S.K.: 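Just passing along the structure, written as structure tokens.
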There are 2 protein chains.
Amino acid sequence: MTLSNTQQEFVLHFGEMGSRWGINRTVGQIYALLFICKKPLNAEEITSALHISRSNTSMGLKELQAWQLVRLKRRPGDRRDYFTTPDDLWEIVRTLVAERKKREIDPTLSKLRELEMHGPTGDDYGDARISELRELIETLTGFYEEMERLETQRLVTLMTYGSRLAGLIDKAGAAMPLFTSQT
Amino acid sequence: MTLSNTQQEFVLHFGEMGSRWGINRTVGQIYALLFICKKPLNAEEITSALHISRSNTSMGLKELQAWQLVRLKRRPGDRRDYFTTPDDLWEIVRTLVAERKKREIDPTLSKLRELEMHGPTGDDYGDARISELRELIETLTGFYEEMERLETQRLVTLMTYGSRLAGLIDKAGAAMPLFTSQT
DNA sequence: TGTTAATTTCAGAAATTACTGAAATGACAG
DNA sequence: CTGTCATTTCAGTAATTTCTGAAATTAACA
């Protein structure tokens with residue numbers, strides 16, 4: 001595996017960004033490499049393309065599998081594992097958002113509920129702050145769960161015509177009483 | 001500064017989560033502490049509450065200021081700096097999302113555009129993949145920018161009634177031709 | 001079953017990131 | 001200007017994370 005200049009840059013960029021995205025450089029690079037390669041790659045190809053150790057590749061792929069970001073493919077008559085990323089970019093986004101929510105949001109939501117369960121502490125402000133935060137996260141994740149339920153095509157439509165949403169809320173509000181109750 | 005059990009747990013949780021959120025433990029703890037305290041705190045109070053060094057507090061506050069997540073207040077006749085978080089949680093969310101976008105998305109968008117500028121590389125699949133990715137990010141950030149523009153009250157309405165959005169798209173689509181063009 | 005090729009694990013090394021104490025800098029009051 | 005109190009900087013240390021090579025494990029096939 002040899003990479004063109006552009007491919008190289010793309011891969012290195014994802015490596016650099018990895019740390020900001022909460023994954024490590026190698027994992028970012030492996031993902032980027034798989035992303036731009038049409039054909040599934042095996043561990044040996046990844047190792048040589050990125051100049052990393054074979055074991056590092058193995059650990060990186062394991063991590064990507066934990067994130068559900070890569071697909072494992074096998075070829076008949078070949079013992080090796082081959083990896084790709086999904087063709088559908090929206091599917092990738094869905095996975096990414098779902099996993100980040102699972103790791104970055106859900107544990108905090110649980111913790112906040114747990115703290116509330118153990119009853120008020122006497123610090124009115126702090127208690128209120130915590131339950132406000134819990135409510136806000138519930139609103140956000142509730143909205144996310146609705147969006148997640150939409151088929152991709154509708155989601156894209158919604159986003160593409162997002163600039164008309166403000167007006168839409170009001171127009172719909174006028175026609176549908178539900179939408180006026182909070183405005 | 002002494003913390004109740006609940007406060008302690010809240011602060012420690014944010015410390016733990018910090019690493020997943022791309023900030024370090026101390027910064028997470030400082031933020032959590034300021035978040036649940038009604039009164040602005042000075043560096044000395046933070047230092048003693050969290051049992052960290054004074055210089056660590058200073059660096060943490062600097063980081064939080066860079067994220068625009070804390071407000072600096074001064075008291076007449078007191079030389080010390082006092083810090084708080086905004087009362088309005090939605091404002092905090094806006095800041096957080098804006099800053100994360102700036103750090104985690106924008107650099108990649110620039111890089112992708114730059115790679116496209118340097119022209120096709122001969123690898124059709126890779127080129128297509130990169131421009132598809134750039135388009136997707138543009139759609140997402142475009143949508144985000146529209147949402148950002150909405151007043152908080154409308155945003156909350158939209159999210160709270162999110163479950164009716166799917167239907168709304170279709171109903172609006174029927175009434176407004178714009179919304180049917182892509183479905 | 002044994003042989004071979006591939007993957008995974010893991011202890012230690014390397015690299016990176018976070019934290020501290022001491023010294024420097026800055027800001028205000030007299 | 002000087003003294004005092006507060007904040008920042010920074011070099012060194014500590015802690016954590018990442019990476020490697022060697023050994024162990026797993027899987028395919030004859």
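Chain identifiers are assigned alphabetically (A, B, ...) following the order of the sequence lines, protein sequences preceding nucleic acid strands; residue numbering begins at 1 within each chain. Note that these values count all heavy atoms, side chains included, but never hydrogens, waters or copies made by symmetry. This one's a predicted model, so the numbers in the text were calculated from it and none came from an experiment.
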S.K.: Expressed in angstrom and rounded to an integer, what is the separation of Arg74(B) atom CZ from dC5(D) atom P?
M.R.: 16 Å
S.K.: Please work out which residues in residues 46-58 of chain B have a non-hydrogen atom less than 4.0 Å from an atom of DNA chain C and list them by number.
M.R.: Ile52(B), Ser53(B), Ser55(B), Asn56(B)
S.K.: Using whole Å, report how far CG of Leu61(A) lies from C1' of dT8(C).
M.R.: 12 Å
S.K.: So does Arg113(B) pair up with Glu116(B), basic N to acidic O under 4.0 Å?
M.R.: no
S.K.: Can you tell me if Arg129(B) uses its side chain to pair, donor with acceptor, with the backbone of Phe35(A) under 3.5 Å?
M.R.: yes
S.K.: Could you give the distance from OG1 (Thr26(A)) to CE (Met59(A)), rounded to the nearest 0.5 Å?
M.R.: 8.0 Å
S.K.: Figure out the NZ/C1' separation between Lys62(A) and dA6(C), and round it to whole Å.
M.R.: 16 Å
S.K.: Say you draw a straight line from CD of Glu148(A) to OG1 of Thr141(A); how long is it, rounded to the nearest 0.5 Å?
M.R.: 10.5 Å
S.K.: Would you check, one step at a time, whether the test salt bridge (Lys or Arg N to Asp or Glu O under 4.0 Å) holds for Arg71(B) with Glu91(B)?
M.R.: CA-CA 12 Å; Arg71(B) 296 200 178 312; Glu91(B) 190 187 325; 2.4 Å; yes
S.K.: With a 4.0 Å cut-off, would you call Arg134(A) and Glu138(A) a salt bridge?
M.R.: yes
S.K.: Could you tell me the separation between the CZ atom of Arg80(B) and the P atom of dC28(C), rounded to a whole number of Å?
M.R.: 14 Å
S.K.: Name all residues meeting the side-chain contact (heavy atoms from CB on, under 4.5 Å) criterion together with Ser55(A); count only those two or more places apart in sequence or in a different chain, and write none if there are none.
M.R.: Ser53(A)
S.K.: Rounded to the nearest Å, what distance is computed from the CG atom of residue Asp78(A) to the P atom of nucleotide dT4(C)?
M.R.: 19 Å
S.K.: To the nearest angstrom, how far is Leu72(B) atom CG from dA27(C) atom P?
M.R.: 13 Å
S.K.: With a 4.0 Å cut-off on heavy atoms, is Asp81(A) in touch with a base, just the backbone sugar-phosphate, or nothing at all?
M.R.: sugar-phosphate
S.K.: Between the base of dT7(D) and the side chain of Arg79(B), is there any donor-acceptor pair under 3.5 Å?
M.R.: no
S.K.: Glu44(A) CD to dT8(C) P: how many Å, rounded?
M.R.: 13 Å
S.K.: With Thr108(B), which of Asp106(B), Leu112(B), Ile105(B) fulfils side chain to side chain contact (heavy atoms under 4.5 Å, CB included)?
M.R.: Leu112(B)
S.K.: Within this structure, what is the CG-to-P distance between Asn42(B) and dC5(D), rounded to whole angstrom?
M.R.: 15 Å
S.K.: Tell me whether Asp78(B) at atom CG has more than 12 heavy atoms from other residues, nucleotides or ligands lying less than 6.0 Å away.
M.R.: yes
S.K.: Which residues within residues 16-30 of chain B lie with some heavy atom under 4.0 Å of an atom in DNA chain C?
M.R.: Asn24(B), Arg25(B), Thr26(B)
